[in-house]
Amino acid sequence: MEERSTYHTGNDDGSLRELVLSVRWWLIYLLSKWNIILIAVISGGIIGLCYSFFSRPKYTATTTFVLESSDSKNGLGRIAGVAAIAGINLSSDVGGLFQGNNILELYKSRMMLEKTLLDEVHPDSNELLIERYIAYNELEKDWKNKPELLALDFRKEPEALDSLSRRLRDGVIASIINLIKSEVLFVGRIENLSIIQVDVTSPDEVFSKAFNEKLVKNVNEFYLQTKTKKSTDNIAILEKKVDSVRNEMSEAIHSAARVSDVTPNLNPTRQAQRVVPVQEAQFSAEANKAILSHLLQNLELAKMNLLQEQPLIQVVDTPVYPLPIKKLGSVKGILIGGFLFGCLVLIFLITQKYYRNIITVSEKLETVREQRSR
């Protein structure tokens, strides 16, 4: 057992020694190429400096807001039995809408982004956001040989376009949306907080601010409408029923009065002509009165439930001019350029030397084989 242990220790020492010698050999080799590495680092620094000068600054518009959504299950459960009298279903589960990260995905949906792109930059301008995006990205230069793209009009309704124009329009919008989701838009929650942050970063300051504001407005409005749609529809149905029953009750009251008016001097032996219609009208009025009372109660409960369902969206910060600028500094450009080019040259030199070593060993083995064959 002791001999095996000594033997393995010797192998480990030998492997470690070989590793150290190998690293030392590579370091000596790379130091011998210091002039090539230095030229690459300087060249990379110069390229990085030039890039920092000519790179376009990017403006970031940021909106943060707090979203608090109340759970509507308890409120619906309390009034579901009462509302059932009127035939209104208030027991649907709407509490699961847009919970968790679903609201974040809504900001990245095609519907919301397309609606925002087709909005105007600001009320006093006739320019659409998608037109401004095309302008500052100079996409028209890429379309100069494609007149069908240059002729696209994003102000027309899709139904007014022919099939080819509509297909091209949808394709352009889809490609711009994909670029916006990958390069322009960032949506997320601030870590450990219930605050949602929406960032829009682009080389155009006006586009960044306008797109951020329009997107937040469109998404939050859609969220509020969808979140409370069920309760709003229930209230509309209840209001129609209330109006209908109130009209029926009013008609029954007027009917009883009309019967009395048409028989002012009724013969005592002809009481059926007055008593029966009056009592029928009074019964109808009393029945409608009871129904109306329940409906009004249900209507008020539904309105209270709508208030409870109404989520709270409180904006914390909005983008204001001047927007924060992101631009690669000259020092940072030099360091990044020099580091990248230095790494690339090191990889090239190591790969080249390793390949040459393999070729040399192969040639030596081939020479030995030829000598043995002789």
Side-chain angles (χ1 to χ4, degrees), residues 4-62 136-139 141-142 175 178-186 188 190-191 197 199-205 208 322-374:
R4 288 183 180 180
S5 178
T6 305
Y7 176 75
H8 285 295
T9 303
N11 281 349
D12 293 341
D13 291 342
S15 299
L16 181 60
R17 183 171 178 275
E18 290 178 0
L19 177 62
V20 172
L21 290 175
S22 177
V23 172
R24 181 173 176 271
W25 184 88
W26 280 109
L27 287 175
I28 294 173
Y29 169 71
L30 293 176
L31 288 174
S32 67
K33 303 293 183 180
W34 67 269
N35 52 345
I36 298 176
I37 298 174
L38 181 61
I39 292 172
V41 171
I42 294 174
S43 301
I46 294 173
I47 293 175
L49 178 63
C50 295
Y51 178 80
S52 67
F53 284 149
F54 293 102
S55 63
R56 301 170 67 182
K58 292 187 176 182
Y59 301 88
T60 301
T62 301
Y136 80 74
N137 281 286
E138 299 179 346
L139 296 181
K141 291 183 178 179
D142 300 331
S175 62
N178 290 333
L179 289 173
I180 286 176
K181 288 195 290 187
S182 61
E183 301 176 1
V184 176
L185 178 65
F186 167 79
I190 298 179
E191 189 175 359
Q197 178 174 329
D199 289 341
V200 176
T201 303
S202 75
D204 189 294
E205 187 177 24
S208 294
L323 298 180
I325 302 176
K326 292 182 179 179
K327 182 175 173 60
L328 183 64
S330 57
V331 175
K332 192 174 181 179
I334 293 173
L335 293 176
I336 293 176
F339 177 77
L340 290 177
F341 272 70
C343 290
L344 290 174
V345 169
L346 287 176
I347 294 172
F348 172 77
L349 291 174
I350 292 172
T351 305
Q352 184 186 49
K353 185 63 178 177
Y354 188 75
Y355 177 75
R356 287 180 178 177
N357 289 343
I358 293 176
I359 296 298
T360 302
V361 172
S362 299
E363 290 177 351
K364 287 182 179 179
L365 290 175
E366 187 67 26
T367 302
V368 171
R369 288 175 184 173
E370 289 178 359
Q371 290 176 353
R372 288 181 178 178
S373 63
R374 292 175 184 176

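Because the structure is predicted, anything quoted here is derived from the model rather than measured. When reading the values below, keep in mind they use all heavy atoms of this one structure, side chains included, and skip hydrogens, waters and symmetry mates.
Put simply, the side chain of Ile325 reaches to within 4.5 Å of the side chain of Tyr59, judged on heavy atoms.
In this structure Gln197 satisfies the side chain to side chain donor-acceptor pair (under 3.5 Å) test together with Asp199, sequence neighbours excluded. With sequence neighbours left out, Val345 forms a side chain to side chain contact (heavy atoms under 4.5 Å, CB included) with Ile36, Ile37, Ala40, Leu349. With sequence neighbours excluded, the residues forming a side chain to side chain contact (heavy atoms under 4.5 Å, CB included) with Tyr136 are Arg56, Tyr133, Ser202, Pro203, Asp204, Phe207, listed by chain and number. Scanning for side chain to side chain contact (heavy atoms under 4.5 Å, CB included) contacts around Asn35 gives an empty result, with sequence neighbours left out. Residues satisfying the side chain to side chain contact (heavy atoms under 4.5 Å, CB included) test with Ile46, not counting sequence neighbours, are Ile42, Cys50.
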**Message:** For Lys181 and Asn178: C-alpha separation, side-chain torsions, deciding distance, then whether side chain to side chain contact (heavy atoms under 4.5 Å, CB included) applies.
**Reply:** CA-CA 5 Å; Lys181 288 195 290 187; Asn178 290 333; 4.0 Å; yes
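When atom types are taken as modelled, the side chain of Glu205 and the backbone of Pro322 share no donor-acceptor pair closer than 3.5 angstrom.
Between Leu323 and Ala61, the shortest heavy-atom distance links the atoms CD1-CB, 4.0 Å.
Here the straight-line distance linking atom CZ of Phe341 with atom CD1 of Ile39 works out to 13.5 Å at 0.5 Å rounding. Interatomic distance, Tyr355 OH to Thr360 OG1, rounded to the nearest 0.5 Å: 10.5 Å. Here Leu179 contributes atom CG and Leu185 contributes atom CG; the two are 12.5 Å apart, rounded to the nearest 0.5 Å.
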Sequence neighbours excluded and cut-off under 3.5 Å, please list the side-chain donor-acceptor pairs for residues 25-34, or say none.
from  : atom 1 : to    : atom 2 : distance (Å)
Ser32 : OG     : Tyr29 : O      : 2.3

